[in-house]
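Throughout, a chain's letter reflects where its sequence line sits, starting with A, and its residues are numbered from 1. Predicted, not measured: the structure shown is a model, and the values here were computed from it.
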Amino acid sequence: MPELPEVQTIVSDLKKVLPKLKIRDVWCDFKKMIKQPESFAQFKKMVIGKKFLDVKRKGKNILINLSENKTLLIHQKMTGHMLYGKIDPQDRFIHLVFTLSNGKHLALSDIRKFAKVLICETDRLDTLKDIKDIGPDPLDKTFTFKKFKEIFSKKKGVIKNGLMKQEIIAGIGNIYANEILWEAGIHPFKKIQKIKKEEFEKIYKAIKKILKQGVRMRGDSVVDYRDAFGKKGRYQNFHKAYQKEGEKCSKNDGGIIKRIKETGRSAFFCPKHQKL
DNA sequence: CCCGGCGCCTGAGGGC
DNA sequence: TGCCCTCAGGCGCCGG
(Lines give C-alpha, C1' and ligand atoms only; values in the text may rest on other atoms or scores of the structure.)
Protein backbone atom coordinates (compact mmCIF):
# COMPACT_ATOMS: atom_id res chain seq x y z
CA MET A 1 0.00 0.00 0.00
CA PRO A 2 1.74 3.10 -1.16
CA GLU A 3 2.62 5.42 1.70
CA LEU A 4 5.07 8.30 1.64
CA PRO A 5 8.24 6.27 0.84
CA GLU A 6 6.55 4.29 -1.93
CA VAL A 7 5.03 7.41 -3.48
CA GLN A 8 8.37 9.22 -3.18
CA THR A 9 10.13 6.35 -4.96
CA ILE A 10 7.68 6.50 -7.86
CA VAL A 11 7.95 10.29 -8.00
CA SER A 12 11.77 10.19 -8.13
CA ASP A 13 11.64 7.53 -10.84
CA LEU A 14 9.18 9.47 -12.97
CA LYS A 15 11.09 12.70 -12.49
CA LYS A 16 14.05 11.03 -14.16
CA VAL A 17 12.21 9.90 -17.25
CA LEU A 18 9.14 12.03 -17.94
CA PRO A 19 10.25 15.65 -18.32
CA LYS A 20 10.30 16.87 -21.94
CA LEU A 21 8.24 13.92 -23.20
CA LYS A 22 4.82 14.56 -24.66
CA ILE A 23 1.56 12.67 -24.35
CA ARG A 24 0.51 11.21 -27.69
CA ASP A 25 -2.51 9.23 -26.60
CA VAL A 26 -4.37 7.94 -23.58
CA TRP A 27 -6.42 4.81 -22.95
CA CYS A 28 -8.55 3.77 -20.00
CA ASP A 29 -10.76 0.76 -19.22
CA PHE A 30 -12.06 1.95 -15.86
CA LYS A 31 -13.21 5.50 -16.43
CA LYS A 32 -14.65 5.76 -12.94
CA MET A 33 -11.13 6.35 -11.61
CA ILE A 34 -11.03 9.72 -13.38
CA LYS A 35 -12.72 12.18 -11.06
CA GLN A 36 -12.07 15.34 -13.04
CA PRO A 37 -12.97 16.40 -15.73
CA GLU A 38 -16.41 14.84 -16.01
CA SER A 39 -15.92 12.73 -19.12
CA PHE A 40 -13.06 10.67 -20.45
CA ALA A 41 -13.40 12.46 -23.78
CA GLN A 42 -12.66 15.76 -22.03
CA PHE A 43 -9.80 14.16 -20.09
CA LYS A 44 -8.30 12.90 -23.31
CA LYS A 45 -8.61 16.30 -24.96
CA MET A 46 -6.95 17.94 -21.98
CA VAL A 47 -3.86 15.74 -21.88
CA ILE A 48 -3.07 14.84 -25.48
CA GLY A 49 -0.26 17.01 -26.85
CA LYS A 50 0.80 18.24 -23.40
CA LYS A 51 4.41 18.08 -22.33
CA PHE A 52 5.66 16.74 -18.98
CA LEU A 53 7.37 19.48 -17.01
CA ASP A 54 7.89 18.12 -13.51
CA VAL A 55 6.79 15.44 -11.03
CA LYS A 56 6.18 16.17 -7.37
CA ARG A 57 4.57 14.67 -4.30
CA LYS A 58 2.22 16.07 -1.70
CA GLY A 59 1.47 13.53 1.02
CA LYS A 60 0.48 10.40 -0.85
CA ASN A 61 -0.52 12.32 -3.98
CA ILE A 62 1.61 12.23 -7.12
CA LEU A 63 1.53 15.57 -8.93
CA ILE A 64 2.53 15.49 -12.58
CA ASN A 65 2.94 18.97 -13.88
CA LEU A 66 2.09 19.35 -17.57
CA SER A 67 2.43 22.23 -19.99
CA GLU A 68 -0.40 24.73 -20.47
CA ASN A 69 -1.11 25.06 -16.76
CA LYS A 70 -2.33 21.50 -16.23
CA THR A 71 -1.47 19.13 -13.40
CA LEU A 72 -2.36 15.46 -13.15
CA LEU A 73 -3.02 14.37 -9.59
CA ILE A 74 -2.80 10.64 -8.97
CA HIS A 75 -3.57 8.92 -5.68
CA GLN A 76 -2.60 5.26 -5.78
CA LYS A 77 -4.66 4.30 -2.71
CA MET A 78 -4.19 0.63 -1.78
CA THR A 79 -2.84 -1.30 -4.72
CA GLY A 80 -2.23 1.30 -7.41
CA HIS A 81 1.18 2.00 -8.86
CA MET A 82 2.53 3.94 -11.78
CA LEU A 83 4.66 2.08 -14.30
CA TYR A 84 6.95 3.49 -16.95
CA GLY A 85 8.28 1.65 -19.97
CA LYS A 86 6.90 -1.00 -22.28
CA ILE A 87 3.56 -2.17 -20.97
CA ASP A 88 2.37 -5.76 -21.27
CA PRO A 89 -0.94 -5.54 -23.16
CA GLN A 90 -2.07 -8.72 -21.40
CA ASP A 91 -1.74 -7.17 -17.98
CA ARG A 92 -5.36 -6.95 -16.83
CA PHE A 93 -4.55 -4.78 -13.84
CA ILE A 94 -3.47 -1.87 -15.98
CA HIS A 95 -6.39 0.52 -16.24
CA LEU A 96 -4.88 3.72 -17.60
CA VAL A 97 -2.14 4.10 -20.22
CA PHE A 98 -0.52 7.21 -21.63
CA THR A 99 1.39 6.69 -24.86
CA LEU A 100 4.43 8.94 -24.85
CA SER A 101 6.36 10.71 -27.59
CA ASN A 102 9.28 8.30 -27.21
CA GLY A 103 7.04 5.30 -27.89
CA LYS A 104 7.01 4.19 -24.25
CA HIS A 105 4.09 4.12 -21.87
CA LEU A 106 3.16 5.57 -18.55
CA ALA A 107 0.55 3.32 -16.96
CA LEU A 108 -1.49 3.02 -13.81
CA SER A 109 -1.77 -0.56 -12.59
CA ASP A 110 -4.32 -1.15 -9.86
CA ILE A 111 -5.67 -4.53 -8.77
CA ARG A 112 -8.42 -3.18 -6.59
CA LYS A 113 -9.35 -0.11 -8.61
CA PHE A 114 -9.33 2.31 -5.68
CA ALA A 115 -6.83 4.68 -7.27
CA LYS A 116 -8.00 8.04 -8.46
CA VAL A 117 -6.84 10.48 -11.10
CA LEU A 118 -7.79 14.05 -11.77
CA ILE A 119 -6.66 17.05 -13.75
CA CYS A 120 -6.44 20.49 -12.23
CA GLU A 121 -5.23 23.87 -13.42
CA THR A 122 -1.73 24.08 -11.97
CA ASP A 123 -2.30 27.52 -10.50
CA ARG A 124 -5.45 26.28 -8.77
CA LEU A 125 -3.90 23.19 -7.18
CA ASP A 126 -4.03 24.72 -3.73
CA THR A 127 -7.80 24.96 -3.94
CA LEU A 128 -8.12 21.18 -4.26
CA LYS A 129 -9.31 19.36 -1.16
CA ASP A 130 -6.65 16.70 -1.78
CA ILE A 131 -4.00 19.38 -1.37
CA LYS A 132 -5.34 22.03 0.95
CA ASP A 133 -6.92 19.71 3.49
CA ILE A 134 -3.80 17.69 4.27
CA GLY A 135 -1.21 18.33 6.92
CA PRO A 136 2.50 19.01 6.58
CA ASP A 137 4.87 16.59 4.94
CA PRO A 138 6.94 14.81 7.61
CA LEU A 139 10.09 14.80 5.49
CA ASP A 140 9.85 18.50 4.71
CA LYS A 141 12.59 20.63 6.30
CA THR A 142 9.93 22.92 7.75
CA PHE A 143 8.44 20.00 9.69
CA THR A 144 10.26 20.71 12.91
CA PHE A 145 9.75 19.13 16.32
CA LYS A 146 8.13 22.34 17.48
CA LYS A 147 5.61 22.19 14.66
CA PHE A 148 4.98 18.48 15.20
CA LYS A 149 4.30 18.91 18.89
CA GLU A 150 2.17 21.97 18.30
CA ILE A 151 -0.03 20.13 15.79
CA PHE A 152 -0.41 16.95 17.81
CA SER A 153 -0.89 18.37 21.26
CA LYS A 154 -4.20 19.82 20.06
CA LYS A 155 -5.50 16.45 18.85
CA LYS A 156 -7.65 13.85 20.53
CA GLY A 157 -7.75 10.10 20.06
CA VAL A 158 -4.97 7.54 20.02
CA ILE A 159 -1.53 8.12 18.55
CA LYS A 160 -1.59 5.50 15.81
CA ASN A 161 -4.81 6.84 14.33
CA GLY A 162 -3.41 10.36 14.58
CA LEU A 163 -0.27 9.45 12.67
CA MET A 164 -2.43 7.99 9.92
CA LYS A 165 -4.72 10.99 9.59
CA GLN A 166 -3.72 12.83 6.45
CA GLU A 167 -5.25 16.10 7.59
CA ILE A 168 -2.86 16.10 10.58
CA ILE A 169 0.29 14.80 8.90
CA ALA A 170 0.46 13.68 5.28
CA GLY A 171 1.96 10.44 4.05
CA ILE A 172 1.84 7.84 6.82
CA GLY A 173 -0.30 4.70 6.51
CA ASN A 174 -0.68 1.53 8.51
CA ILE A 175 2.71 -0.07 7.86
CA TYR A 176 4.84 2.94 8.73
CA ALA A 177 2.61 3.98 11.64
CA ASN A 178 3.24 0.59 13.26
CA GLU A 179 6.96 0.71 12.55
CA ILE A 180 7.31 4.29 13.81
CA LEU A 181 5.63 3.49 17.12
CA TRP A 182 7.68 0.33 17.60
CA GLU A 183 10.80 2.42 17.05
CA ALA A 184 9.60 5.14 19.40
CA GLY A 185 8.55 2.64 22.07
CA ILE A 186 5.02 4.01 22.28
CA HIS A 187 1.88 1.91 22.47
CA PRO A 188 -0.29 2.41 19.36
CA PHE A 189 -3.37 3.04 21.50
CA LYS A 190 -1.77 5.61 23.76
CA LYS A 191 -3.99 8.67 24.02
CA ILE A 192 -2.37 11.66 22.36
CA GLN A 193 -3.33 13.83 25.32
CA LYS A 194 -1.32 11.58 27.64
CA ILE A 195 1.88 11.77 25.63
CA LYS A 196 4.71 13.63 27.34
CA LYS A 197 7.27 15.89 25.69
CA GLU A 198 10.06 13.27 25.75
CA GLU A 199 7.70 10.78 24.15
CA PHE A 200 6.76 13.25 21.44
CA GLU A 201 10.48 13.67 20.81
CA LYS A 202 10.89 9.93 20.39
CA ILE A 203 7.96 9.76 18.00
CA TYR A 204 9.24 12.73 16.01
CA LYS A 205 12.68 11.17 15.62
CA ALA A 206 11.15 7.81 14.69
CA ILE A 207 8.95 9.42 12.00
CA LYS A 208 12.00 10.95 10.33
CA LYS A 209 14.15 7.85 10.74
CA ILE A 210 11.64 5.26 9.58
CA LEU A 211 10.32 7.24 6.62
CA LYS A 212 13.85 8.05 5.44
CA GLN A 213 14.75 4.39 5.77
CA GLY A 214 11.65 3.51 3.73
CA VAL A 215 12.70 5.93 1.00
CA ARG A 216 16.25 4.52 1.05
CA MET A 217 14.89 0.98 0.65
CA ARG A 218 12.77 2.22 -2.26
CA GLY A 219 9.54 1.41 -0.49
CA ASP A 220 7.79 -1.54 1.02
CA SER A 221 6.60 -4.39 -1.20
CA VAL A 222 4.98 -6.53 1.47
CA VAL A 223 1.88 -6.65 -0.72
CA ASP A 224 2.26 -5.72 -4.36
CA TYR A 225 3.98 -2.39 -4.54
CA ARG A 226 6.46 -1.88 -7.38
CA ASP A 227 8.53 1.11 -8.40
CA ALA A 228 7.98 2.89 -11.73
CA PHE A 229 10.13 0.28 -13.46
CA GLY A 230 8.31 -2.69 -11.96
CA LYS A 231 10.87 -3.53 -9.28
CA LYS A 232 10.12 -4.37 -5.67
CA GLY A 233 11.20 -2.23 -2.75
CA ARG A 234 13.10 -3.75 0.16
CA TYR A 235 11.62 -2.23 3.28
CA GLN A 236 9.45 -5.31 3.95
CA ASN A 237 12.68 -7.09 4.95
CA PHE A 238 13.16 -4.66 7.81
CA HIS A 239 9.77 -4.73 9.53
CA LYS A 240 9.98 -4.93 13.30
CA ALA A 241 6.26 -4.93 14.01
CA TYR A 242 4.03 -4.93 10.96
CA GLN A 243 2.90 -8.51 10.19
CA LYS A 244 5.22 -9.87 12.86
CA GLU A 245 2.48 -11.20 15.12
CA GLY A 246 3.69 -14.01 17.38
CA GLU A 247 7.37 -13.31 16.69
CA LYS A 248 9.92 -12.28 19.28
CA CYS A 249 10.48 -8.55 19.47
CA SER A 250 13.83 -7.85 17.82
CA LYS A 251 14.81 -5.68 20.77
CA ASN A 252 15.24 -9.02 22.59
CA ASP A 253 13.26 -7.67 25.49
CA GLY A 254 11.24 -10.86 25.86
CA GLY A 255 8.19 -9.34 24.19
CA ILE A 256 6.13 -11.18 21.58
CA ILE A 257 4.63 -8.99 18.87
CA LYS A 258 0.94 -8.66 19.42
CA ARG A 259 -1.78 -7.72 16.99
CA ILE A 260 -4.99 -5.93 17.84
CA LYS A 261 -7.62 -5.12 15.27
CA GLU A 262 -9.46 -1.86 15.54
CA THR A 263 -11.73 -0.21 12.98
CA GLY A 264 -10.62 -2.45 10.17
CA ARG A 265 -6.90 -1.92 10.69
CA SER A 266 -4.38 -4.05 12.51
CA ALA A 267 -2.08 -2.57 15.11
CA PHE A 268 1.14 -4.54 15.64
CA PHE A 269 3.29 -3.81 18.67
CA CYS A 270 5.55 -5.21 21.34
CA PRO A 271 3.69 -5.20 24.68
CA LYS A 272 7.02 -5.19 26.50
CA HIS A 273 8.61 -1.97 25.32
CA GLN A 274 5.62 -0.10 23.87
CA LYS A 275 3.85 1.25 26.91
CA LEU A 276 0.50 2.93 27.23
C1' DC B 1 -18.03 18.57 15.13
C1' DC B 2 -16.47 14.04 15.92
C1' DC B 3 -16.54 9.18 15.71
C1' DG B 4 -17.63 4.71 14.01
C1' DG B 5 -18.86 1.95 10.34
C1' DC B 6 -19.63 0.92 5.62
C1' DG B 7 -18.65 0.85 0.56
C1' DC B 8 -15.55 0.80 -3.01
C1' DC B 9 -12.68 -3.48 -5.24
C1' DT B 10 -10.19 -7.99 -5.97
C1' DG B 11 -6.80 -11.58 -4.84
C1' DA B 12 -4.98 -14.62 -1.37
C1' DG B 13 -5.59 -17.94 1.88
C1' DG B 14 -8.06 -20.95 5.10
C1' DG B 15 -11.87 -24.20 6.26
C1' DC B 16 -14.73 -27.76 4.86
C1' DT C 1 -11.34 -29.48 -6.52
C1' DG C 2 -14.01 -25.76 -5.51
C1' DC C 3 -16.90 -22.84 -2.96
C1' DC C 4 -17.42 -19.48 0.51
C1' DC C 5 -15.79 -16.61 3.93
C1' DT C 6 -12.54 -13.31 5.72
C1' DC C 7 -8.88 -10.23 5.37
C1' DA C 8 -5.97 -6.54 3.41
C1' DG C 9 -6.65 -0.80 4.54
C1' DG C 10 -6.91 4.47 2.06
C1' DC C 11 -10.40 7.43 2.10
C1' DG C 12 -15.09 9.39 1.04
C1' DC C 13 -19.42 9.43 2.86
C1' DC C 14 -23.26 8.84 5.93
C1' DG C 15 -25.67 8.69 10.18
C1' DG C 16 -25.85 9.08 15.16
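Taking CE from A:Met46 and CD1 from A:Ile119, the interatomic distance works out to 4.5 Å, rounded to the nearest 0.5 Å.
One can place CE of A:Met33 at 16 Å from C1' of C:dG10, the figure rounded to the nearest angstrom. Spacing between atom NZ of A:Lys165 and atom P of B:dG4 amounts to 8 Å, rounded to whole angstrom units. What separates NZ of A:Lys156 from C1' of B:dG4 is a distance of 15 Å, to the nearest Å. Rounding to whole angstrom units, NZ of residue A:Lys160 and P of B:dG4 are separated by 13 Å. Summarising the geometry, the separation between CD on A:Gln36 and P on C:dG12 is reported as 14 Å, rounded to the nearest angstrom.
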Pairs of donor and acceptor atoms involving the side chains of residues 14-28 of chain A, under 3.5 Å and at least two apart or interchain, shall be tabulated with distances.
unit_1: A:Lys15; atom_1: NZ; unit_2: A:Asp54; atom_2: OD1; d: 2.8

Quick tally for nucleotides 6-13 of chain B: nucleotides whose base has a protein heavy atom under 4.0 Å get B, sugar-phosphate-only ones S, the rest -, giving --BBBS--
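At a threshold of 4.0 Å, the pair A:Glu121-A:Lys70 counts as salt-bridged, since one of the basic side-chain nitrogens sits closer than that to a carboxylate oxygen. Salt bridge absent: A:Glu6 and A:Lys60 never bring a charged side-chain N and a carboxylate O closer than 4.0 Å.
Using a 4.0 Å heavy-atom criterion, one finds that A:Gln166 contacts the sugar-phosphate atoms exclusively.
Taking a pair as Watson-Crick or G-U wobble with both distances under 3.5 Å, DNA chain B forms stems of 3 or more consecutive pairs at B:2-8 with C:10-16, B:10-16 with C:2-8.
For the pair A:Ile169 and A:Ile207, the minimum side-chain heavy-atom distance is below 4.5 Å.
Heavy-atom distances to DNA chain C give each of A:Ile172 and A:Lys129 a nearest nucleotide, and the one nearer the 5′ end belongs to A:Ile172.
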